[in-house]
Protein chains: 2
Amino acid sequence: MHALAHEAPLTRSVEDYLKVIYHLSSQGGFAATSDIAAMLDLAPPSVSGMVKRLSEAGLIEHVPYRGVQLTAQGRRAALRMIRRHRVLETYLTQQLGYDWDGVHAEAERMEHAVSDDLIERMAGALGDPRYDPHGEPIPTAALEIEEAELVRLSEAAVGQALELREVATQDPARLRYLAEQGLTPGAQLVVTDRQPFNGPTTVQLRGSSAARVVGQELARLLLCRPGGGDGDARA
Amino acid sequence: MHALAHEAPLTRSVEDYLKVIYHLSSQGGFAATSDIAAMLDLAPPSVSGMVKRLSEAGLIEHVPYRGVQLTAQGRRAALRMIRRHRVLETYLTQQLGYDWDGVHAEAERMEHAVSDDLIERMAGALGDPRYDPHGEPIPTAALEIEEAELVRLSEAAVGQALELREVATQDPARLRYLAEQGLTPGAQLVVTDRQPFNGPTTVQLRGSSAARVVGQELARLLLCRPGGGDGDARA
DNA sequence: GTCGGATATTAGGATACCCTAAGCCAGCAG
DNA sequence: CTGCTGGCTTAGGGTATCCTAATATCCGAC
Ligand SMILES: [Mn+2]
Ligand SMILES: [Mn+2]
Ligand SMILES: [Mn+2]
Ligand SMILES: [Mn+2]
C-alpha cells in the first residue's frame with residue numbers, strides 16, 4: 001500500500017483543522033476558508049497559511065477562492081480524531097461522572113495526547129459504544145461511520161412521532177438547558193404544534209405530561225429519527 | 001496574595017522543564033544546564049534559551065554558569081505536574097490494564113492535556129492513592145509530597161532486611177525484567193551477599209525460595225526502607 | 001458588461017521552540 | 001598564579017503557528 005509511510009505525526013493544530021474541515025464538507029461540498037476560521041476562532045489568513053501546508057502534505061485538496069476538501073488520507077485522519085473525541089467523551093461521562101455539557105472541552109484537548117492503544121482500551125471497557133453522550137455516532141476502529149437520515153426538529157411535520165437521536169451542539173449552557181427539559185438522545189417525541197415565521201415547535205414528551213416549547217434555534221439542533229414508536233435502546 | 005494573577009497557561013515544554021528541574025534539584029542543589037539537556041534530550045543551547053524565559057517568568061532562579069533552582073511558584077507548578085503524572089499512571093494501571101512498564105509514556109503526554117478536575121476525579125475513583133505503580137509518592141491535591149528516607153539496594157548492608165518501596169526508572173525493558181524477578185514495590189527482601197568492585201547484590205525474596213542476584217546498575221534503582229519485617233500494605 | 005463588496009490570499013511580523021557553530025568563563029592542574 | 005578545558009552562553013537560523021494590513025479575486029447587482 002503506502003510507499004514510504006512514516007509521515008511525521010500530525011500536530012494538534014493540524015488535527016483540529018482536519019476535524020473542522022470534515023464537518024464543514026461532510027455534506028459533499030467545499031469547506032470555505034472563512035467558515036474554517038470561524039469554527040477554529042482564527043483569522044482567515046491563518047487558515048490560508050495552514051491550507052497551503054495541509055495540501056502540500058496531501059491531506060486536503062485546495063481550490064483557490066472556493067475552499068477545500070479532504071483527501072482520502074485527510075479523511076482517515078479526521079475520522080480517527082472523531083473516534084478519539086467521541087470515545088473520550090463517552091468514557092469520561094460513563095466512567096468518571098462527567099456531565100454531557102462539560103465533557104467536550106476535556107475531550108478536545110485529550111484527543112491529541114492519548115495513544116490509539118488507550119482509546120481502544122477505553123472503548124473496550126465500555127463495550128465498544130456506538131454513540132457518544134450527544135448521540136453522535138462513533139466511528140469504528142476501522143474508521144467506518146454510521147450515516148443516519150435524521151430530520152431537525154425544526155423541520156419535522158406537526159403530528160409526527162420522533163425519536164431524538166442527536167443533539168448537535170457542544171455549548172454547555174444549551175446542553176444543560178436541554179437536559180433539564182428532558183431533551184436528550186433517546187427521548188420519544190410527538191410534534192404537537194409549530195408557529196409560523198421561524199416560530200417555536202411544541203412537542204409532547206413520552207413519559208412526561210407537560211409539553212415542551214422549543215424555539216427554532218434549539219429545535220434546529222435536535223436531530224430526530226421519524227417514527228419513534230417504541231423506545232429502542234441505543235448502545 | 002497574587003496581584004494580577006492569570007498568568008498564561010504553561011506550555012508543554014515549560015511543564016516538562018519544570019518537572020526535570022524539580023527532580024535534578026530535589027537534593028537541594030542546582031540543576032545544571034547540561035543535565036537538564038540530557039534529561040530532555042535537547043541540546044544545551046536550547047536549555048539556555050528556555051532558562052532565560054523561565055526565569056523571566058519567575059518560575060526559576062538562574063545563577064549563570066552554576067545552574068537553576070525552582071522558585072516557590074515553579075516548585076508548585078512542578079509538583080502539580082508530578083501529581084498529574086502519577087495519578088494518571090496509577091489510574092491507567094488500575095482501571096485500564098496498563099503494565100507498569102508502558103504507562104509512563106502515556107502519562108508523559110496526557111499530563112499536559114487534562115484538567116485538574118479530571119485528575120481529581122481519577123484520584124477520587126482510586127480512593128486517593130498515595131503511591132504510583134513504581135512506588136513513587138503522589139503529591140496531595142494541596143501539593144504536599146512525602147519525603148521518605150530510602151536506601152538504594154546497592155548500598156544496603158549484607159544481612160539487612162528491607163522492604164522495596166520505589167523502583168526509580170521508567171525504562172520499559174528494565175521494568176519488565178524487574179517485575180519478572182518479583183522486584184516490585186512492597187517486596188520483602190534480605191540482603192544475603194554483595195560482591196566487591198561494584199559487584200552484584202544478592203537478595204532473598206520473602207515468599208520465594210530462589211535468591212535474586214542484582215547487578216549494581218539495577219540495584220541502584222531499587223529504593224528500600226530498612227527493616228521490612230511485616231508486610232505493611234501500601235495504598 | 002462593469003462595479004463594488006464580500007471573500008480569499010499574499011505580505012510582513014511576532015512568538016515559542018529547537019538546532020549548530022562560535023565565543024566565554026570558572027576552576028583545576030601545574 | 002596562569003593557562004586549559006569542559007560546561008555554558010550567545011549568535012544566527014529554521015519551523016510551525018498565529019496576527020494585521022494590503023492586495024487580489026470572484027460574483028451578483030445593476
Ligand atoms: Mn464533542
Ligand atoms: Mn482538539
Ligand atoms: Mn512516570
Ligand atoms: Mn510530559
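Per chain, numbering begins at 1; letters A, B, ... match sequence-line order.
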Specify the residues of residues 32-43 of chain A, ordered by number, for which at least one heavy atom lies under 4.0 angstrom from an atom of DNA chain C.
-> A:Ala32, A:Thr33, A:Ser34
Salt bridge check: are B:Arg174 and B:Asp101 linked by an N-O gap of less than 4.0 Å?
-> no
What are the two closest heavy atoms between A:Ile119 and A:Arg83, and how far apart are they?
-> CG2-NE, 4.3 Å
In residues 47-58 of chain A, what donor-acceptor pairs under 3.5 Å come from side-chain atoms, sequence neighbours left out?
from    : atom 1 : to      : atom 2 : distance (Å)
A:Ser55 : OG     : A:Val51 : O      : 3.1
A:Ser55 : OG     : A:Lys52 : O      : 3.3

Apply salt bridge (Lys or Arg N to Asp or Glu O under 4.0 Å) to the pair B:Lys19 and B:Glu108, showing each step before the final yes or no.
-> CA-CA 11 Å; B:Lys19 277 202 312 179; B:Glu108 194 59 53; 2.9 Å; yes
N/O contacts under 3.5 Å, protein versus nucleotides 22-24 of chain C?
none

How do B:Gly49 and A:Ser46 order along DNA chain D: which one's closest nucleotide is nearer the 5' end?
-> B:Gly49
A:Pro129 and A:Ile138 have their tightest heavy-atom pair at O-CD1, 3.6 Å
Contact boundaries on DNA chain D for chain A, cut-off under 4.0 Å to non-hydrogen atoms = D:dT17 to D:dC26
So, does B:Arg84 use its side chain to make a donor-acceptor pair with the main chain of B:Val114 at under 3.5 Å?
-> yes
Flag, side chain of A:Glu146 to backbone of A:Pro139, donor-acceptor distance under 3.5 Å = no
Touch class at under 4.0 angstrom, heavy-atom based, for A:Arg53 against every strand present = base
Any donor and acceptor pair, going by atom type alone, linking the side chain of A:Arg109 with main-chain N or O of B:Ala113 inside 3.5 Å?
-> yes
Side-chain heavy-atom pair A:Trp100, A:Leu92 within 4.5 angstrom cut-off | no
Do any N or O atoms from the side chain of A:Asp99 and from the backbone of A:Gly102 form a donor-acceptor pair under 3.5 angstrom?
-> no
Numerically ordered, the residues 9-24 of chain A set in heavy-atom contact under 4.0 Å with DNA chain C is none
Sort out for me which residue in B:Thr184, B:Val103, B:Thr93 forms a side chain to side chain contact (heavy atoms under 4.5 Å, CB included) with B:His134.
-> B:Val103
With no hydrogens and no angle check, do the side chains of B:Ser115 and A:Glu106 hold a donor and an acceptor under 3.5 Å apart?
-> yes
Return yes if a side-chain donor-acceptor contact under 3.5 Å exists between A:His112 and A:Asp16, otherwise no.
-> yes
Send over the distance from B:Lys52 NZ to C:dA16 P, rounded to a whole Å.
-> 12 Å
Which ones in residues 55-64 of chain A lie close to DNA chain C, meaning a heavy atom under 4.0 Å from one of its atoms?
-> A:His62, A:Pro64
B:Tyr131 six-ring face occupied by B:Arg86 cation (under 6.0 Å, within 45°) | no
Under 3.5 Å, is there a donor-acceptor pair linking the side chains of B:Ser154 and B:Arg220?
-> no
